[in-house]
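Beneath this line is the structure, given in C-alpha cells, with notes to follow.
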2 protein chains.
Amino acid sequence: MRILVVEDEPLLADAVAEWLRGESHAVDIVFDGAAALERFGVNDYDVVVLDRDLPGVHGDQVCRAIAAGHGETRVLMLTAASDIDDRVTGLALGADDYLPKPFAFRELAARVAALGRRARPAAPPVLERAGITLDTHRHQVFRDGRYVPLSRKEFAVLTELLRADGAPVSAEQLLEKAWDEHTDPFTQAVRMTILKLRRKLGDPPVVLTDPGVGYFLK
Amino acid sequence: MRILVVEDEPLLADAVAEWLRGESHAVDIVFDGAAALERFGVNDYDVVVLDRDLPGVHGDQVCRAIAAGHGETRVLMLTAASDIDDRVTGLALGADDYLPKPFAFRELAARVAALGRRARPAAPPVLERAGITLDTHRHQVFRDGRYVPLSRKEFAVLTELLRADGAPVSAEQLLEKAWDEHTDPFTQAVRMTILKLRRKLGDPPVVLTDPGVGYFLK
DNA sequence: ATGGGGGCATGAGAATCCTGGTGGTGGAGG
DNA sequence: CCTCCACCACCAGGATTCTCATGCCCCCAT
C-alpha cells in the first residue's frame with residue numbers, strides 16, 4: 001500500500017514511516033502542506049497520514065484538497081491532544097479517521113490498515129494466470145500445482161503482475177507499487193527480482209519482457 | 001483473543017481483567033464510555049465486556065456504536081440486578097449477551113468464551129491441525145495425543161495460529177490479538193513465545209516461519 | 001555487413017535484514 | 001526462598017536485496 005506521511009517534526013515523521021514500512025507499505029514523507037499538495041500531482045496514495053498542525057498550508061486545507069480531488073485516498077489526521085474536541089471538525093473536512101497525539105505506533109498502523117481495507121475493498125484472494133496460482137491470503141504460489149517458495153519482494157512483484165492481468169507493467173510502476181519513493185529510480189532491484197522470479201517459476205517462461213515497455217505474464 | 005473491559009469501578013474492572021487474562025486473553029481496561037469509543041478506532045476487539053451504568057457516555061450508547069460500526073465485535077453487557085427486566089432492551093441495542101450483577105467470574109469467562117466462538121463463525125471449541133489438538137474449553141493442548149503444558153501466552157499464540165488455518169500470521173497481528181495495548185511495539189515477546197512453543201511442541205516442527213511474512217502451522 | 005548503442009540479462013559480491021538462540025533480569029506466586 | 005513466566009539485550013548464521021560489472025541481443029545508421 002502506498003502511504004504519504006505529512007508531519008513537520010522530522011523525528012516523528014521518520015518513526016511513523018519506519019513503522020509503516022515494517023508493515024510492508026511503501027511510505028513517502030513530506031514536512032509541510034505545500035509539499036504534500038505537490039505529491040498528489042505526482043503519485044496516487046492509498047492513505048495519507050496527515051498532521052493537522054502544519055507550518056504554511058494548514059492540515060485542514062490539505063485535507064480538504066484531498067477530499068475534493070482524490071476520492072480513492074483516505075486520510076488519517078493526527079492532532080494534538082488539546083484539539084480533541086475538533087474531532088467532528090476534522091471528520092467534516094473529509095478526514096476518514098482521527099488520531100490524537102500522543103499515540104502508539106501500533107494504533108496508527110492498525111488504523112492505517114483499516115483505512116486501506118476501506119479504500120480497496122474487494123481484492124480477490126486467489127489470483128491465477130498461465131499456470132500460476134497465487135494465494136494472497138496464505139502467501140503461497142504454485143506453478144502447475146507445484147509449490148514455489150518466494151521471498152517477500154518476489155511475491156509482491158508477482159502479485160502486481162497478476163493484478164495487471166497480462167498487461168505489461170513497467171519497472172517504474174513496479175517500483176511505485178512495491179518499493180518506496182526513496183529508492184533510487186535507476187536501481188536494478190526490479191530486474192534482479194524479475195530474474196529470480198523467472199528462475200523460481202521455471203520453464204516454460206511465464207514472465208515475459210515487452211522491451212521498452214515493461215514486464216507481463218504469459 | 002482480544003477483549004476490552006468497560007467498567008467504572010476499578011476494583012471490579014481489575015478483577016474481571018485478571019480473571020480473563022488467566023484464560024489467556026489479552027485484556028484492555030477503560031473506565032468510561034468515551035474512552036471505550038476511542039479504543040475502537042485503535043484495535044478490533046473480539047469481545048467487549050460492557051458495564052451498562054457508566055458515567056458520561058452511557059453503556060447503551062457505547063453498545064449502539066459498537067453494533068453499528070463493528071460487526072465482528074461481540075458485546076457482553078453487565079447490569080445491576082434491579083435492571084433485570086432491561087434484558088430485552090439491552091439485546092435490542094445490539095448486545096450479544098447479558099449478565100446481571102453480581103455474577104461469578106467463572107460464568108463471565110464462560111460467556112466471553114462463548115461469544116468469542118460466535119464471533120468466529122464455525123470455530124469449533126476444539127481446534128486441530130498437523131497433529132496439534134487444542135481444547136479452548138479446558139485450555140489443553142495435545143501433540144499427537146500427548147499432553148503439552150503451555151503457559152498463558154503460549155496458549156494464546158497457538159490459538160491464533162490455529163485459527164489462521166495455515167495462513168501466515170505476522171508478529172504484529174499476534175501482538176494485536178494476544179497482547180494488550182501497553183506492549184512495546186518493538187518487543188521480542190512474540191519471537192520468544194514462538195521459540196518456546198516450538199520447543200514444547202517437539203519434533204517434527206509444526207510452527208513454521210514464512211520469512212518477512214509471519215508464522216504459520218504445518 | 002558492420003560497428004555502435006540502448007535495453008536487458010546475468011553473475012559475483014556486499015550490505016542489510018531476518019531469525020533462531022543464549023543468557024540474564026524482574027516480578028508473581030507458591 | 002525458589003520456580004516459573006515474560007521479556008530484553010545481544011549474537012551469529014543465513015537469506016534477501018541491491019550494486020557493480022559484464023556480456024548478450026536486436027535495431028539501425030553507416
Side-chain angles (χ1 to χ4, degrees), chain A residues 18-26 139 141 148-158 168-172 174-175 177-203 205-216, chain B residues 14-15 17-19 21-27 139 141 148-158 168-172 174-175 177-216:
Chain A
E18 269 317 305
W19 181 257
L20 290 173
R21 286 186 187 123
E23 308 269 317
S24 45
H25 297 129
H139 270 264
V141 173
V148 183
L150 293 184
S151 75
R152 229 185 344 168
K153 281 262 147 62
E154 289 156 9
F155 188 89
V157 167
L158 183 58
V169 184
S170 71
E172 291 75 26
L174 288 173
L175 267 186
K177 294 282 188 182
W179 280 265
D180 67 45
E181 194 178 65
H182 285 15
T183 51
D184 162 24
F186 303 116
T187 182
Q188 317 227 38
V190 174
R191 259 191 225 149
M192 275 291 99
T193 308
I194 292 282
L195 173 64
K196 293 196 162 181
L197 256 183
R198 283 178 171 149
R199 278 195 193 138
K200 289 194 180 178
L201 292 176
D203 285 323
V206 278
V207 179
L208 307 180
T209 303
D210 190 346
V213 179
Y215 301 95
F216 65 100
Chain B
D14 257 2
E18 267 317 306
W19 185 270
R21 288 189 185 120
E23 303 276 314
S24 283
H25 302 307
V27 185
H139 274 238
V141 172
V148 182
L150 293 184
S151 76
R152 283 190 256 173
K153 285 275 186 268
E154 289 156 6
F155 185 87
V157 167
L158 184 58
V169 184
S170 71
E172 290 75 23
L174 288 172
L175 268 185
K177 284 299 179 190
W179 274 263
D180 67 36
E181 62 188 351
H182 300 308
T183 310
D184 165 23
F186 301 114
T187 183
Q188 308 193 66
V190 173
R191 283 178 23 187
M192 288 297 101
T193 306
I194 291 282
L195 179 63
K196 290 186 173 180
L197 255 183
R198 291 210 249 241
R199 276 190 193 144
K200 290 195 181 178
L201 292 175
D203 285 324
V206 278
V207 179
L208 307 180
T209 137
D210 191 344
V213 179
Y215 300 96
F216 64 100

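In the text below, chain A, chain B and the rest are named by the order of the sequence lines, each starting its count at 1.
Between the OG atom of Ser151(A) and the CG atom of Leu158(A) there is a distance of 11.0 Å, given to the nearest 0.5 Å.
For the OP1/OP2 pair of dA6(D) and a distance below 4.0 Å, the side-chain nitrogens and oxygens of Trp179(B) include no atom meeting the criterion. Contact check, Arg199(B) against dT22(C): a side-chain N or O comes under 4.0 Å of OP1 or OP2. Taking side-chain N and O atoms only, Arg198(B) has a distance below 4.0 Å to OP1 or OP2 of dG20(C). Side-chain N/O atoms of Arg191(A) include none lying less than 4.0 angstrom from OP1 or OP2 on dT19(D). The phosphate of dA6(D) (OP1 or OP2) has a side-chain N or O of Ser151(B) nearer than 4.0 angstrom.
Within the nucleic acid shown, Thr209(B) comes within 4.0 Å of sugar-phosphate atoms alone, with no base atom in reach, counting heavy atoms only. Within 4.0 Å of Tyr215(A), counting heavy atoms only, lie sugar-phosphate atoms of the nucleic acid but no base atom.
The residue among Leu150(B) and Thr187(B) whose nearest nucleotide of DNA chain D lies closer to the 5′ end is Leu150(B).
For Met192(A) and dA9(C), the CE to C1' distance is 8 Å, given to the nearest whole Å. Whole-Å rounding puts the Glu154(A) CD to dA15(D) C1' distance at 11 Å.
For Gln188(A) against dC8(C), a side-chain-to-base donor-acceptor contact under 3.5 Å is absent.
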